[in-house]
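Structure first, then comments.
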Amino acid sequence: MIYSSSVKLDDFHPTTQDFFKNKKAVVTGGTGFIGSHLVEQLLQLKAIPIVLTRRPSPLFLAKIVTKVIVRECDLFDYNAVYFGIAEAD
């Protein structure tokens, strides 16, 4: 069984919904347990999560990996991070 967040779009304030809609948001730690829940919530808000990760195939994002932008990079590598966040809003 794969876990899925129970948070729905209507759980967020309308202002929050408007702010994140169609925005590309960078998430570091998005492949971990807590970060993956943040990514799921951003998807509920109609945002486009950009996940920076060292893991080429993130386990916690397995069921939604096609809905997010995954950039493999090391946060200590300036150029990799710069490229990873370049298209974020």
Side-chain angles (χ1 to χ4, degrees):
M1 179 177 154
I2 297 177
Y3 174 81
S4 177
S5 176
S6 61
V7 176
K8 304 296 178 223
L9 183 60
D10 291 337
D11 293 334
F12 295 97
H13 191 276
T15 304
T16 302
Q17 293 177 28
D18 291 341
F19 179 82
F20 282 102
K21 187 173 184 177
N22 297 320
K23 295 240 177 100
K24 292 183 179 175
V26 175
V27 180
T28 60
T31 59
F33 180 73
I34 295 171
S36 64
H37 292 283
L38 173 61
V39 171
E40 287 181 338
Q41 291 183 10
L42 286 168
L43 287 172
Q44 286 296 323
L45 287 165
K46 310 292 187 211
I48 304 158
I50 300 173
V51 179
L52 303 182
T53 181
R54 293 178 305 213
R55 301 175 191 170
S57 51
L59 178 64
F60 285 114
L61 298 180
K63 71 178 192 68
I64 59 172
V65 74
T66 59
K67 299 176 184 175
V68 302
I69 300 169
V70 177
R71 298 270 187 248
E72 189 175 350
C73 78
D74 183 340
L75 292 180
F76 290 108
D77 181 342
Y78 175 83
N79 290 326
V81 173
Y82 184 82
F83 170 73
I85 67 172
E87 58 186 299
D89 290 317

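Quantities reported herein were computed from a predicted structural model and do not represent experimental measurements.
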Pairing of Lys67 and Glu40 as salt bridge, 4.0 angstrom limit: no
Rounded to the nearest 0.5 Å, how far apart are CG of Asp89 and CZ of Phe20? 11.0 Å
Interatomic spacing from OG in Ser36 to CD1 in Ile64 - rounded to 0.5 Å: 7.0 Å
Which distance, rounded to the nearest 0.5 Å, do you find between the CD1 of Ile50 and the CG of Leu52? 7.5 Å
Roughly how far, to the nearest 0.5 Å, is the CD1 atom of Ile69 from the CD1 atom of Ile48? 6.5 Å
Return the CG to CG distance between Leu45 and Asp18, rounded to the nearest 0.5 Å. 10.0 Å
Would you say that Glu87 contacts Arg71 through its side chain, given a criterion of any heavy-atom pair below 4.5 Å between the two side chains? yes
Nearest-0.5 Å distance that lies between atom OG1 in Thr53 and atom CZ in Phe60: 12.0 Å
Flag the pair Leu43 / Pro49 as yes when at least one side-chain heavy-atom distance between them is below 4.5 Å, and no otherwise. yes
Which of these, Val68, Thr31, Val65, sits in a side-chain contact (heavy atoms from CB on, under 4.5 Å) with Val39? Val68
Cation-pi check for Phe19 against Lys21: NZ or CZ below 6.0 Å from the six-membered ring centre and within 45 degrees of the axis, yes or no? no
Main-chain N/O of Leu9 paired with Gln17 side-chain donor or acceptor, under 3.5 Å: yes
Side chains of Val7 and Phe12 in contact at under 4.5 Å (non-hydrogen atoms): yes
Taking the inter-plane angle between the rings of Phe33 and His37 on a 0 to 90° scale, is it parallel (under 30°), tilted (30 to 60°) or perpendicular (over 60°)? perpendicular
